[in-house]
Amino acid sequence: MGPLFQLTIVGILYFLLASIIGLALMLIARLIMLLKKKTDISVNQLFWFPLKLAPYFLLAFIANVLVCEFVRDVDPPLTDYWSLPINDGLTMGAIDISDKWYLWPTREGGEAILSNIVLVGISNKALYGSTESDEYFIYRFDSKKAVVNLSKDELKTEANKIEDSLPTLKNPSDLYYDNRDFGDLITFLLLLLYPLYRFYNVCNTFWALVSKQNIEHLSTAA
């Protein structure tokens, strides 16, 4: 599933969700007006408020792609690949599905050093893991060579020759998201600042109008 198709799906879902939120805002506003016994305030603009934020979110998405690519050095959103930097250009990656990972010599890919990786542990000296066929491996960073077709006991024995203990083996997807979750959370919160500011203005203006007797509209705030 390519990025353009994913972006199209996200766009359709956004407009559906924005329409639902807009309708909910309009109904809530009408209920408040009913309780306040106000019938002279137009609230139709509340329906369009979430939809009007679409250009902002599109620009925010483009900006986020650039930040991911050139500042954070992580994969941009809505891609069909995942990459996890390991050591000195060495990269783990997955394409289309994140269940099976590959060890590549560079982030751009190249001939896979190891394939079908399902568990991995990383230290300063080596990369440890297992493949889909339950065969364990060690890739040493100093020699840049892989020892493959190990049993679990052989892996522990070889690991003890390199360092004190074998790192915990985890799903590569877990390591991938551990590497970027905090940055994604900060980015998400920053992107919400402007919509929340606009929403506050709309609510504040509506409440001010409900408290007045004269007929006014919300179009200037929404």
Side-chain angles (χ1 to χ4, degrees), residues 1-14 61 64-188:
M1 189 164 59
L4 183 59
F5 179 76
Q6 294 183 58
L7 185 59
T8 301
I9 295 299
V10 170
I12 293 172
L13 292 176
Y14 173 81
F61 171 78
N64 188 31
V65 168
L66 296 176
V67 169
C68 286
E69 191 71 30
F70 299 107
V71 179
R72 296 179 57 201
D73 194 29
V74 296
D75 300 328
L78 300 182
T79 58
D80 56 358
Y81 65 89
W82 297 262
S83 62
L84 177 64
I86 302 298
N87 176 277
D88 194 25
L90 194 68
T91 302
M92 289 189 64
I95 301 174
D96 292 333
I97 58 174
S98 59
D99 295 335
K100 301 175 186 177
W101 289 67
Y102 300 84
L103 183 63
W104 293 323
T106 67
R107 184 169 181 176
E108 289 70 32
E111 185 177 355
I113 301 171
L114 295 165
S115 303
N116 298 327
I117 301 170
V118 294
L119 291 175
V120 69
I122 306 171
S123 73
N124 293 328
K125 297 179 179 179
L127 177 74
Y128 307 86
S130 72
T131 63
E132 188 180 23
S133 57
D134 287 330
E135 295 178 343
Y136 292 83
F137 66 84
I138 299 174
Y139 183 89
R140 296 193 60 160
F141 300 142
D142 53 0
S143 64
K144 296 185 179 180
K145 291 183 179 180
V147 180
V148 297
N149 300 326
L150 299 174
S151 67
K152 191 170 185 178
D153 290 336
E154 290 173 334
L155 175 70
K156 292 179 179 179
T157 300
E158 293 296 324
N160 288 334
K161 296 177 183 178
I162 301 172
E163 46 202 320
D164 295 335
S165 61
L166 176 68
T168 302
L169 301 185
K170 301 172 64 176
N171 188 300
S173 296
D174 294 337
L175 290 177
Y176 174 84
Y177 288 108
D178 287 345
N179 189 50
R180 66 175 299 160
D181 273 353
F182 181 73
D184 284 347
L185 176 61
I186 296 299
T187 300
F188 176 74

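Counting from 1, the numbers follow the sequence of the chain as shown.
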* Asked: Hey, what do you get for OH (Tyr136) to OG (Ser151), rounding to the nearest 0.5 Å?
  ->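 Those atoms lie 9.0 Å apart.
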* Asked: For the atom pair OH (Tyr81) and CG (Asp75), what is the distance rounded to the nearest 0.5 Å?
  ->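 Spacing of OH (Tyr81) from CG (Asp75) equals 5.0 Å.
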[X] vs [Y] side-chain heavy atoms within contact, under 4.5 Å:
X      : Y      : answer
Phe61  : Leu7   : yes
Ile122 : Ile86  : yes
Tyr176 : Trp101 : yes
Leu155 : Leu169 : yes
Leu103 : Leu127 : yes
Thr187 : Asn64  : yes
Phe141 : Leu90  : yes

If you look at every heavy atom in [X] and [Y], which pair is closest and at what distance?
X      : Y      : answer
Phe137 : Ser130 : CE2-N, 3.5 Å
Tyr128 : Ala159 : CE2-CB, 3.7 Å
Ile138 : Glu158 : CD1-CB, 3.3 Å
Asn171 : Ser98  : OD1-O, 4.5 Å
Ile113 : Trp104 : CD1-C, 4.2 Å
Asn160 : Ser165 : OD1-CA, 4.4 Å

Among residues at least two apart in sequence or on other chains, which ones pass side chain to side chain contact (heavy atoms under 4.5 Å, CB included) with [X]?
X      : answer
Thr157 : Lys161
Glu69  : Pro76
Thr106 : Glu108

* To do: Please identify each residue that fulfils ring pair (Phe, Tyr, Trp, His ring centres under 6.0 Å) with Tyr177, with sequence neighbours left out.
  =>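 Applying ring pair (Phe, Tyr, Trp, His ring centres under 6.0 Å) to Tyr177 gives none.
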* Asked: Taking only residues at least two apart or on different chains, which pairs with a member in residues 123-148 satisfy salt bridge (charged side-chain N to carboxylate O under 4.0 Å, His left out)?
  ->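 Residue pairs with at least one partner in residues 123-148: Lys100-Glu132, Arg140-Asp142.
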* Can you list every pair that meets salt bridge (charged side-chain N to carboxylate O under 4.0 Å, His left out) and has a residue in residues 172-186, with sequence neighbours left out? ->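 Passing the test, one end in residues 172-186: Arg72-Asp184, Lys170-Asp178, Arg180-Asp184.
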* Asked: So, Thr131 versus Asn116: side-chain donor-acceptor pair below 3.5 Å or not?
  ->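 No, Asn116 and Thr131 have no side-chain donor paired with an acceptor closer than 3.5 Å.
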* Regarding Tyr102 and Glu111, is there a side-chain donor-to-acceptor distance under 3.5 Å anywhere? ->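 Glu111 and Tyr102 do not have a side-chain donor-acceptor pair below 3.5 Å.
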